[in-house]
Each structure stands twice: as C-alpha cells, then as structure tokens.
Amino acid sequence: MEKKRTRFAPSPTGYMHIGNLRSAIFGYLMVKHDGGDFLLRIEDTDQTRKVEGAIEFIYDTCRLCGLEFDEGPLNGGPYGPYTQSERLDIYKKYAHELVEKGEAYYCFCTEERLDKLRKIAEDNHMAFMYDGHCKNLSHEEIEEKIKAGVPYVIRQKMTKEGVSTYEDVVYGTISVENRILEDQVLLKSDGYPTYNFANVIDDHLMHINVVARGNEYVMSTPKYNLLYDAFGWERPTYIHLPMVLGEDGQKLSKRNGDASFMDLYHEGYLPEAIVNYLALLGWSPVDNQEIFTLEELVKVFDPSRISKSPSTYDVKKLNWVNAYYIKKLSLEDCVKLVKPFLSEAYDLSDKSEKWLNELVRIYQNHISYGKEIVKETEMFFNKDINPDFECIEFMKDESIPKTIEVFKEEIENISEWSIPNISNAINNTKEKASVKGKMLYMPIRIKTTGVMHGPELPDTIYLLGKDIILERLSK
RNA sequence: GGUCGGUUGGUGAAGUGGCUUAACACACUGCCCUUUCACGGCAGCAUUCAUGGGUUCGAAUCCCAUACCGAUCACCA
C-alpha cells in the first residue's frame, strides 16, 4: 500500500486558532496511524496577509503539541520548496501546460467588466458566474494582447454538463452539478496562482494522498477534482472536518472564547491537554476512554468516527481535561508551570523555594489551568482579604466571635509552628468553644483566608505564617 | 436566491431497524468521605432523539416534506 501523506497548509498569519490546530491534529493522527508523513506547506499566495515570523510560530505551536513535521519549509524535504511564494514558476508552467492541452485559456477581462457582470447578476438575484467571454479568442488576438502588455489571468475550462461526485471519508458521497462550477481563475494577473490551483499542483507534486481540512471546502472540492482530472492525476482521499463553534453557536472567533492556542498556552493550559481535548471535538473513540496521550490517539484514531455535525468548543470540559493533566504532574513540573504566573503577579523575593513548593503542593489539586493559581493564592500575597457577601453572611452567626477568640489564644500559645500543632490548636478550640464541624472550621477559614473554599486548613494556616494569622484574627 | 450539509439533554457525544424503558464524560443537584469547603467516591439528571407524515410486526436509526442552523457561490485562502 502507498504510504499515506498529508499536509497542514496554513496561511502565515501568525495566529492559530483552535479549529486550525484541530485540523492539523486530525491530519496528523490519520496519517501517523498508518506510519505516514505529515508535512507543512505555507500558503502565502496572498502576499498582503503575510506576517513576519509566522512560519516559526507555526513550527513552535506544532512542536509544543507534539506534532512534528516530516517535511516543511524549515526542515526541508525532497519535494520543496514548501512555501508557495517560492514556487511561482512551477504554477506558471502547469497553468500553461493546461492552456496547451486546451483545458484552460487566457482571459483579458478587466475588473470593470467583471464588476458590471457581478452587478447585473446581483440585481437579478443570481449567482455571478464568469460568462466565458475570452474562452474562444483566436491565437492572433491572444498573441497581440500579450504583446501589448494587456494583463491577463488564466482560467480553467469547466464542463457544464453532468455531475461531479466524490467520496468524502466523513460526509460520504457528495455530488454537485457541473453547471454551477465556473471557469475559475488559476493564475492571477500578478503571476500568483489562486489557492485552488496552487493547492492541487502542490498536493500532487508533494505526493499528498490524504487531504484533511475544514468543511468549508466541501463545495469547492469538485473544482479541485476537475483539475486533477484535467492533468490526469490521481485524486487524494478527502476528509472534511466539521466546524468548531463557539459557545454562542457562532463560528469560533477571538470574541467568543480564547480561540487561539497561544492564548490558552499563555494562560497555563498544557499542550497535551489541549490536544487531548481537541481530538475529542468531533471525534470519539470506540470505547469510553477520554484521556489520551498523542501516541494513544495515533493508535486508535479512526477517521470514519469523525462526526458530521459541528461541535461546540466548551471551556468547562477543556478545564476538566487540563485539571486532570495538572493533577498528574510531578510537583517539580507543576512548580515549573505555575511559578511564572506567580512571579508575574506577586513579589516572590522573600519566599523560599521550600515555601513555594509547599504552596504549589497544596494547590495542585485545586487549579484547572496555570494562571488560575494567581487568584486562588491571593490571600498569601495581599495583606488584606476581601470576604464576599456569602462569607459575611456566614460570619454573622453569634457563636463566631468566641470561636475566633479561643482559636487566637491557641495560636498564640503554639511554641513550634508546625502543621500538627496547628491541628491541635483547632482541636482545642473545638473543646473550649464547644463548636464543631462547619461552625468550627468555616469561621477560622473565612477569618484567615477570606474565602470559603481552599486546601486543607492546617496546611494553609501553616503556610500563611503565625504573624499574618494573628493579625487577621485580631481584625 | 441556487447548491451542499447538519439537527440526540446546558455541553461533548454513543447509537447505522429489535440487545435502548437512549451509553459514557463535562456541568449541575443530592449523598458519603474528610471534625469544614475542596479533592475523591456514589447517586440523580432526555418516557425521548427539530417537527409532521410514510415504510415496517418494530425507527433516534430507512424514505419524503417542513422548520431552524451552517457552509458555499472572488484575480481570499
């Protein structure tokens, strides 16, 4: 069997949202499942959108996620160059080959003429379609215009009859009537190819036989196929991926959630967790397993189990997956993850490494992403605590002043500041103030931390330190 | 407007004619554990699969209409 090869083909915009990444992941899984190749190709035929450093950015993102490219603009390969703007001569050559074959033609129509046609179509509530004006120009006419320097594009001659059909791994058989296909532009007047054209040429030349991409291409795939046919090339296997929606049911954008991988990464989400979550968006395994390493995904991935309907990006579930991965981290790695956020938010200069480790240890089970620790640990860094309404309500109980009074005394009497001794202090308070359970713990917790939830109370108190505790108890 | 798709709970989803009085997971709610909250464990949470018809002994699963949502119709990718 032929080796499977697919490509991730983004435009270099310097931004990678979750939907893009998911396409890359699915392509990667699909091909690696059978030991195939995964390559990167940069689609920069629209020069206006180019962003500096975007290629490095794509490599970085994918490397973080564990997706390594077998071939690509930075690491090379046998079918380069892998950047479309460096392949202009190739496209030109193939476009002209098509003209010679009679499958394409020069078109000298001006923008004005096309705009006029478009306007007429619009007024008649019709879809605009190029009218084939230049389809039958004579050789002489063409020669003359080219010599005169009239700008031109090359358009593909489309059949108007019949139906184009192809098999999609996800969507099954897709049929489109050829009469709705227009004579698409292959080569623009600036000498650059259109996306549609460059895509087919490159995919063929790079021996791509698996094409995984968003389902916005479902409708244009017949055009690609006609191009493959015109050259007499073999068509690839198509996998069109369902769209990823934001929580508002709209297409994912920067507005409806942190749609970019880098945003998430900079919030302290783990790439493995993001990949894991993304793989589950629109795909499900045969069994009920939900936590997967990349290797496991590669092993069990089956593209026929990709769903046809769009899926909604749900941060809550991502948080759950990410929290799971954080809990599994070694303390050392967890400190590594979380420390940059802490040192960015707070002054850590007077904190020992031991203290920091201890802090992370007691919070590791409480956070779902790295940056969350900043808010959770406020009480350790800010002098003042700000109990919310619920806390204040709770503290209105009349037994509380006495509990606090007794506990404060117990704390004062502790000679050696240690977790067992703090536990004892709590225990003694229970006896002396004759309160227990919630009415024992909650007042102390709120008074010392300002919140109702948190890690083990003795641990927290220990880390806070005797001075701060006494100060807060006195207020 | 034409064309092509999609529609299972708040969310991700399983399900491809009987084993489904619809799995599993997130979220939510309750209980247990812990002398507290959380963590963890357990339980509850769609009589119903957009709606209406049809095929069938039998349908979430097949067919047809309707509704809604989306994609697409460029010298953008």
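Just so you know, these numbers come straight off a predicted model, no measurement behind them. Here is how names work: the chains are called A, B, and so on, in the same order as the sequence lines, proteins then strands, and each is numbered from 1. Heavy-atom basis, side chains included; hydrogens, waters and symmetry copies ignored.
Looking only at distances, no side-chain donor or acceptor of A:Glu141 sits under 3.5 Å from a matching main-chain atom of A:Leu137. The backbone N or O of A:Ile291 sits less than 3.5 Å from a side-chain atom of A:Gln289, completing a donor-acceptor pair. Looking at A:Ser260, its side chain does come within 3.5 Å of a backbone N or O of A:Met262 through a donor-acceptor pair. With hydrogens and angles disregarded, a donor-acceptor distance shorter than 3.5 Å links the side chain of A:Gln364 to the backbone of A:Ile326. A:Tyr277 contributes a side-chain N or O that, together with a main-chain N or O of A:Asp314, makes up a donor-acceptor pair within less than 3.5 Å. Between the side chain of A:Arg7 and the backbone N or O of A:Ile208 there is no donor-acceptor pair closer than 3.5 Å.
A sub-4.0 Å separation between OP1 or OP2 of B:A14 and a side-chain N or O of A:Ser284 is present. A sub-4.0 Å separation between OP1 or OP2 of B:C75 and a side-chain N or O of A:Thr194 is absent. A sub-4.0 Å separation between OP1 or OP2 of B:C75 and a side-chain N or O of A:Arg118 is present. Within the 4.0 Å cut-off from OP1 or OP2 of B:C24, not a single side-chain nitrogen or oxygen of A:Lys317 is found.
The side chain of A:Tyr195 sits closest to B:A77 out of B:A74, B:U36, B:A77. Closest contact between the side chain of A:Ser311 and the listed nucleotides B:A77, B:A13, B:U35 involves B:A13. Of all nucleotides listed (B:U11, B:A77, B:U35), B:U35 comes nearest to the side chain of A:Ile426. Each of B:G6, B:C75, B:U3 was ranked by its minimum atom distance to the side chain of A:Met219; first place goes to B:U3. Side-chain atoms of A:Ile174 lie closest to B:G5 of the nucleotides B:A25, B:A27, B:G5. Ranking B:G6, B:A23, B:U11 by closeness to the A:Lys308 side chain, first place goes to B:G6. Candidate nucleotides B:C37, B:U35, B:U36 were compared by shortest atom distance to the side chain of A:Leu457, and B:U36 ranks first. When distances are taken from the side chain of A:Asp314 to each of B:A23, B:C26, B:C37, the shortest belongs to B:C26. Nearest to the side-chain atoms of A:Met243 among the listed nucleotides B:G70, B:C24, B:C37 stands B:G70. Relative to the side chain of A:Tyr217, the nucleotides B:A77, B:U35, B:U36 differ in distance, and B:A77 lies closest.
Comparing A:Leu114 and A:Ser309 by the nucleotide of RNA chain B whose heavy atom lies nearest to each, the residue mapping closer to the 5' end is A:Ser309. Taking for each of A:Pro455 and A:Leu187 the nucleotide of RNA chain B with the nearest heavy atom, the 5'-most of the two is the partner of A:Pro455.
Ring-plane geometry between A:Tyr106 and A:His96 is classed as tilted, the angle between the planes lying from 30 to 60 degrees on a 0 to 90 degree scale.
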Please list, one pair per line, the donor and acceptor atoms closer than 3.5 Å that link side chains of residues 210-218 of chain A to other protein atoms, with sequence neighbours excluded.
{"from": "A:Arg213", "atom 1": "NH1", "to": "A:Thr221", "atom 2": "OG1", "distance (Å)": "3.2"}
{"from": "A:Arg213", "atom 1": "NH1", "to": "A:His240", "atom 2": "NE2", "distance (Å)": "3.2"}
{"from": "A:Asn215", "atom 1": "ND2", "to": "A:Tyr171", "atom 2": "OH", "distance (Å)": "2.9"}

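Atom name P, nucleotides B:U51 and B:A60: the rounded distance is 11 Å, in whole Å. Taking the C1' atom of each, B:C49 and B:U20 are spaced 11 Å apart, rounded to whole Å. A distance of about 23 Å separates the C1' atoms of B:A71 and B:C75, rounded to the whole Å. Comparing B:U56 with B:A46, their C1' atoms are spaced 26 Å from each other, to the whole Å. Taking the C1' atom of each, B:A27 and B:G12 are spaced 11 Å apart, rounded to whole Å. B:C45 and B:C31 have their C1' atoms separated by 15 Å, given to the nearest Å. Here, B:G15 and B:A25 have their C1' atoms 16 Å apart, quoted to the whole Å. Between B:U61 and B:U8, the two C1' atoms lie 11 Å apart (nearest whole Å).
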*Going 5' to 3' through nucleotides 61-66 of chain B, assign each nucleotide B (protein heavy atom under 4.0 Å from a base atom), S (under 4.0 Å only from sugar-phosphate atoms) or - (no protein heavy atom that close).*
------

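Contact annotation for A:Arg213: no contact, since no heavy-atom pair falls under 4.0 Å across all strands. If you check every strand for non-hydrogen atoms under 4.0 Å, A:Ser175 touches sugar and phosphate atoms only. Here A:Glu177 lies out of heavy-atom contact (under 4.0 Å) with every strand. Heavy atoms of A:Val153 sit under 4.0 angstrom from at least one base atom. Backbone-only contact: A:Gly282 has heavy atoms under 4.0 Å from sugar-phosphate atoms and none from a base. Looking at heavy-atom distances under 4.0 Å, A:Lys438 makes contact with sugar-phosphate atoms alone, never a base. Within the 4.0 angstrom heavy-atom criterion, only backbone atoms of the sugar-phosphate kind lie near A:Thr312; the bases stay farther away.
Residues of residues 319-331 of chain A having a heavy atom closer than 4.0 Å to RNA chain B, listed by number: A:Trp320, A:Lys327. Sorted by residue number, the members of residues 272-281 of chain A with any non-hydrogen atom under 4.0 Å from RNA chain B read A:Leu280, A:Leu281.
A salt bridge links A:Arg361 with A:Glu358: at least one charged nitrogen is closer than 4.0 Å to a carboxylate oxygen. Taking a cutoff of 4.0 Å between a charged side-chain nitrogen and a carboxylate oxygen, A:Glu290 and A:Lys317 qualify as a salt bridge. Look at A:Lys432 and A:Glu409 and you find no salt bridge, because none of the NZ, NE, NH1 or NH2 atoms lies under 4.0 Å from a carboxylate O.
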*Dot-bracket, RNA chain B: Watson-Crick or G-U, under 3.5 angstrom, [ ] crossing, | other strand?*
((((((((.[[[..)..(.....]]].(((((.......))))).....[[[[[..)....]]]]])))))))....

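As rounded to whole Å, 17 Å separates atom C1' of B:A77 from atom OH of A:Tyr15. Remark: P of B:U34 and CZ of A:Arg445 are 17 Å apart, rounded to the nearest angstrom. For the pair A:Lys119 NZ and B:A74 P, the interatomic distance rounds to 17 Å; values are reported in whole Å. Taking atom CZ of A:Phe407 as the reference point, atom P of B:U36 lies 16 Å away to the nearest angstrom. To the nearest angstrom, P of B:U3 lies 7 Å from CZ of A:Arg179. To the nearest angstrom, C1' of B:A77 lies 13 Å from OH of A:Tyr91.
Inspection of the A:Asn421 and A:Tyr462 side chains reveals no N or O donor paired with an N or O acceptor under 3.5 Å. With hydrogens and angles left out, the side-chain atoms of A:Glu43 and A:Asn199 include a donor and acceptor closer than 3.5 Å. Defined by atom type and a distance below 3.5 Å, a donor-acceptor pair is present between the side-chain atoms of A:Ser164 and A:Asn178. Donor-acceptor pairing under 3.5 Å is recorded for the side chains of A:Tyr325 and A:Asn276.
Side-chain contact between A:Ile306 and A:Leu241 is present, with heavy atoms from C-beta onward closer than 4.5 Å.
Residue pairs meeting the side-chain hydrogen bond (donor to acceptor under 3.5 Å, both in side chains) criterion with at least one member in residues 299-310 of chain A, sequence neighbours excluded: A:Asp302-A:Ser304, A:Ser307-A:Ser309.
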